[in-house]
Amino acid sequence: MLIYAVCGAGIGTSVLLKANAERALSMLGIGAEVQAVSIADARGTHRMAQVVLATPEIVDQLTGIPAEIIAIKNIFDLAELGEKLKESLG
Amino acid sequence: MKSSYFAPGSIAIQENCPSFQVAVTSATLLLVETGSAHKGYVSEVQNVLEELGPYFVVAPGLAIAHAKLSAAIQRPAMALLKLTEPVTSGSHNDPVSLVFAMCSPDSISHLEMLAEFGELMSRDGIINNLLNASAEGVIREILSSHLIE
């Protein structure tokens with residue numbers, strides 16, 4: 001399974017989000033590939049992710065993407081990440 | 001995360017900060033003043049903020065200001081500006097009183113630093129401790145208790 005962690009440029013927030021999403025996934029025992037990408041990449045990609053993680057500001061810019069989009073308010077909160085990922089994937 | 005990322009002088013407290021934009025500039029200037037980035041980096045970060053909005057406010061009360069890798073960056077470094085009175089950024093995580101700034105000259109150090117920062121900030125209580133700290137010495141103590149030499 002492929003999960004995108006999205007931020008404006010794909011180099012900052014998304015990398016933080018990816019690292020903590022991977023930790024939350026491993027705590028849940030869910031195997032998935034997480035990629036840090038920019039908004040443009042998330043929109044224009046040929047290999048669509050099943051789930052897209054982003055902060056609420058970015059989520060507004062991702063409408064129309066054929067994936068489940070999950071807004072993460074606090075990207076350092078492993079409990080929030082874990083809960084939302086579990087709800088979506090578990 | 002390595003304590004050397006926070007150079008002497010890279011942690012500051014600001015009173016009466018008028019806006020989030022000013023806070024981001026002041027935090028980024030700490031990187032310039034400590035010799036980690038050239039002045040051009042400050043406007044590069046402002047451009048990101050103007051273009052994309054306050055998306056780097058990534059947790060309640062906390063922002064991590066940064067721009068893309070650029071020639072304006074000299075070495076991997078971090079800075080932290082603590083605001084005595086929080087400001088609003090327009091983000092879901094308002095109000096903001098911890099403004100980190102980061103820069104790194106190449107993508108490898110950039111990714112390393114971000115991964116380490118993410119791990120650090122997800123430790124129990126650290127963000128709350130930083131939000132409650134009001135002196136530079138206390139902030140440095142909190143960070144050093146989590147950082148490695």
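Lettering of chains follows the sequences in order, A, B, ..., and the numbering in each one begins at 1.
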Measure distances from [X] to the heavy atoms of chain A and classify the residue's part below 4.5 Å as side chain, backbone, both or neither.
X: B/L114; value: both
X: B/E119; value: both
X: B/L62; value: side chain

Q.
Are there over 12 heavy-atom neighbours, none belonging to A/K73, within less than 6.0 Å of that residue's NZ?
A. yes
Would you say [X] and [Y] make side-chain contact, with heavy atoms under 4.5 Å?
X: A/L16; Y: B/M121; result: no
X: B/V58; Y: A/N74; result: no
X: A/T55; Y: B/F56; result: no

Honestly curious: do [X] and [Y] fall in one hydrophobic cluster under the side-chain, below-4.5 Å linking rule?
X: A/I39; Y: B/L49; result: yes
X: B/F117; Y: A/L17; result: yes
X: B/L30; Y: B/V42; result: no
X: B/V22; Y: B/V57; result: no
X: B/F6; Y: B/L29; result: no

Q) Checking heavy atoms, do the side chain of A/I75, its backbone, both or neither come under 4.5 Å from chain B? A) both
**Q.** A/D77 portion near chain B, given a 4.5 angstrom heavy-atom threshold
**A.** neither
Q: May I ask you to list the residues in residues 75-111 of chain B that approach chain A closer than 4.5 angstrom, counting heavy atoms only, ordered by number?
A: B/G90, B/S91, B/H92, B/N93, B/H110, B/L111
Q. Rounded to the nearest 0.5 Å, how far does CG of B/L52 lie from CD of A/E57?
A. 11.0 Å
Q: Please report the shortest heavy-atom distance between A/N20 and B/G118, naming the atom on each side.
A: ND2-O, 3.6 Å
